[in-house]
Amino acid sequence: MTAVETRPAGVLAEAPGHRPFGARVKAFVALTKPRVIELLLMTTVPVMFLAAEGVPDLWLVLATCIGGYLSAGGAGAFNMYYDRDIDAMMDRTSQRPLVTGMVSPRECLVFASALTVGSTAWFWFLVNPLSAMLSLGASVFYTVVYTMILKRRTAQNIVWGGIAGCLPVIIGWSAVKNEVSWASLILFLVIFFWTPPHYWPLSMKVKDDYERVGVPMLPVVAGNKAVAKQIVLYSWVMVAVSLLLTPLGYTGWFYTVVAVVCGALWLKEAHALQARAKAGVTGAKLKEMRLFHWSITYVSLLFTAVAIDPFLR
């Protein structure tokens, strides 16, 4: 029997006496939320190609990715440390390392602090000080503003808390150019308006989890129709913002075609979700996760186009 299997629901497990080395390593990796970091790096690297107008220095790309992983990983670990009480009560997070006892709270706090300090120093000395400050700002924003202040107090938590997830776009540009440009700010806004309609469908799916722990995600405090309406509104703004790069001269025909096609498919899914919500559809037939999964594909394709476009102009 594992610690999770013997732990009463909603109770944090005590650290077991024997914790296998391999399982411990996996637990510390899990603290960094690697699947989230995949998305962050997916937006960082293509922007470096756009900034370089071709292939950027590959060592710089590697250094930026390593620094980004360390920074985002530290923020993720701080998030798990602070949220360990509600993680124990939510089905979706009940097997996180602090809940199972595979990592102790003190170990997590030390680990998160080391990653944050290490990533800031890494960026400062191996990339540039501007990127280091942006990276540190993203980590502090996610830890303090989102996790500690917004998440448990307002239904707008993911809207403003999502700013932390937008900053890697600017970090990618600053790593190459050592400055912030309109191109990076536009892509920052694309991710800003992408984040709520990306996350709200998932929140609709696991609404009971958030309701149980008192976290006021929008689907908890508003009905499906209201949430779907917000998703459609944010989706239209996101697609419109994504098309600003071309008239401003930063991208050409290839990016434009991808942005239009992917944006149209996104809007089709968003409006379909709204139609089902308006019709009173609930449960599995609501199919809210269709938009969630498409949102990941959308941002992957869009930013791949950002990286390829400089070679076709």
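Each residue takes its place number in the sequence, starting with 1. FYI, side chains are in, hydrogens and waters are out, and symmetry mates aren't considered; it's all heavy atoms of this structure.
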Locate the shortest heavy-atom distance separating [X] from [Y]; write the atom from each residue and the value.
X    : Y    : answer
V232 : A270 : CG2-O, 3.6 Å
A30  : M80  : O-CE, 3.2 Å
P197 : L291 : O-CD2, 3.9 Å
V176 : L60  : CA-CD2, 4.0 Å
D309 : Y250 : OD2-O, 4.5 Å
V99  : R84  : CG2-O, 4.3 Å

Euclidean distance, [Y] [atom2] relative to [X] [atom1], rounded to 0.5 Å:
X    : Y    : atom1 : atom2 : answer
H198 : H293 : NE2   : NE2   : 10.5 Å
L98  : L31  : CG    : CG    : 6.0 Å
M90  : I86  : CE    : CD1   : 6.0 Å
I171 : C166 : CD1   : SG    : 11.0 Å
I170 : T44  : CD1   : OG1   : 11.0 Å
L302 : T297 : CG    : OG1   : 12.0 Å

Can you list the steps and then say if W194 with Y298 is a ring-ring contact (aromatic ring centres under 6.0 Å, His included)? CA-CA 10 Å; W194 169 86; Y298 170 86; 7.9 Å; no

Honestly curious: do [X] and [Y] fall in one hydrophobic cluster under the side-chain, below-4.5 Å linking rule?
X    : Y    : result
V169 : V237 : yes
W253 : L245 : yes
Y69  : W59  : no
W294 : V36  : no
I308 : V47  : yes

Chi angles and distances behind the side-chain contact (heavy atoms from CB on, under 4.5 Å) call for V159, Y234: CA-CA 10 Å; V159 176; Y234 274 88; 3.5 Å; yes

Got [X] and [Y] here, is their nearest side-chain heavy-atom distance under 4.5 Å?
X    : Y    : answer
F123 : L130 : no
L50  : P310 : yes
D83  : R152 : yes

Go through the steps to decide whether F78 and T147 satisfy the test side-chain contact (heavy atoms from CB on, under 4.5 Å), and finish with yes or no. CA-CA 9 Å; F78 275 125; T147 302; over 6 Å; no

Among all residues two or more places apart in sequence or in another chain, which pass the side chain to side chain contact (heavy atoms under 4.5 Å, CB included) test with [X]?
X    : result
T246 : T251, Y255, T256
C65  : L41, V45, V61
L150 : V145, T154, N157, W160
P46  : F303, V306, A307

For residues 203-221, dump all side-chain donor-acceptor pairs below 3.5 Å to protein atoms at least two apart in sequence or in another chain.
{"unit_1": "S203", "atom_1": "OG", "unit_2": "Y199", "atom_2": "O", "d": "3.2"}
{"unit_1": "D209", "atom_1": "OD1", "unit_2": "D91", "atom_2": "N", "d": "3.1"}
{"unit_1": "D209", "atom_1": "OD1", "unit_2": "R212", "atom_2": "NH1", "d": "2.7"}
{"unit_1": "D209", "atom_1": "OD2", "unit_2": "D91", "atom_2": "N", "d": "3.1"}
{"unit_1": "D209", "atom_1": "OD2", "unit_2": "R92", "atom_2": "N", "d": "3.1"}
{"unit_1": "Y210", "atom_1": "OH", "unit_2": "R92", "atom_2": "NH2", "d": "2.7"}
{"unit_1": "Y210", "atom_1": "OH", "unit_2": "Y199", "atom_2": "OH", "d": "2.3"}
{"unit_1": "R212", "atom_1": "NH1", "unit_2": "M89", "atom_2": "O", "d": "2.8"}

The test is side-chain contact (heavy atoms from CB on, under 4.5 Å); show your working for L187 and T43 and say whether it passes. CA-CA 9 Å; L187 289 169; T43 61; over 6 Å; no

For T120, which residues count as a side chain to side chain donor-acceptor pair (under 3.5 Å) partner, sequence neighbours excluded?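 If we apply the side chain to side chain donor-acceptor pair (under 3.5 Å) test to T120, skipping adjacent residues, there are no hits.
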
Sequence-distant partners of W173, side chain to side chain donor-acceptor pair (under 3.5 Å), two or more places apart: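 W173 satisfies side chain to side chain donor-acceptor pair (under 3.5 Å) with S181 once adjacent residues are dropped.
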
What side-chain hydrogen bond (donor to acceptor under 3.5 Å, both in side chains) pairs are there with at least one residue in residues 258-271, not counting sequence neighbours?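 Pairs touching residues 258-271 that pass the test: S235-W266, W236-H271, E269-R290.
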
In residues 111-118, what donor-acceptor pairs under 3.5 Å come from side-chain atoms, sequence neighbours left out?
{"unit_1": "S113", "atom_1": "OG", "unit_2": "L109", "atom_2": "O", "d": "2.8"}
{"unit_1": "T116", "atom_1": "OG1", "unit_2": "A112", "atom_2": "O", "d": "2.9"}

Counting only pairs under 3.5 Å, give me each side-chain donor-acceptor contact of residues 21-29, with atom names and distances, residues two or more places apart or in other chains.
{"unit_1": "R24", "atom_1": "NH1", "unit_2": "M102", "atom_2": "O", "d": "2.9"}
{"unit_1": "R24", "atom_1": "NH1", "unit_2": "E107", "atom_2": "OE1", "d": "3.0"}
{"unit_1": "R24", "atom_1": "NH2", "unit_2": "E107", "atom_2": "OE2", "d": "3.0"}

Test log, rule side-chain contact (heavy atoms from CB on, under 4.5 Å), inputs E288 and N224: CA-CA 10 Å; E288 65 279 289; N224 286 343; over 6 Å; no

Residues in salt bridge (charged side-chain N to carboxylate O under 4.0 Å, His left out) contact with R96, at least two apart in sequence or another chain: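 Partners of R96 by the salt bridge (charged side-chain N to carboxylate O under 4.0 Å, His left out) criterion, ordered by chain and then number, come out as D87.
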
Below 3.5 Å, can you tabulate the donor-acceptor pairs from side chains in residues 131-144 to any protein atom, sequence neighbours excluded?
{"unit_1": "S131", "atom_1": "OG", "unit_2": "N128", "atom_2": "OD1", "d": "2.9"}
{"unit_1": "S131", "atom_1": "OG", "unit_2": "S174", "atom_2": "OG", "d": "2.8"}
{"unit_1": "S131", "atom_1": "OG", "unit_2": "A175", "atom_2": "N", "d": "3.4"}
{"unit_1": "S135", "atom_1": "OG", "unit_2": "S71", "atom_2": "OG", "d": "2.7"}
{"unit_1": "Y142", "atom_1": "OH", "unit_2": "K33", "atom_2": "NZ", "d": "3.2"}
{"unit_1": "T143", "atom_1": "OG1", "unit_2": "S139", "atom_2": "O", "d": "2.9"}

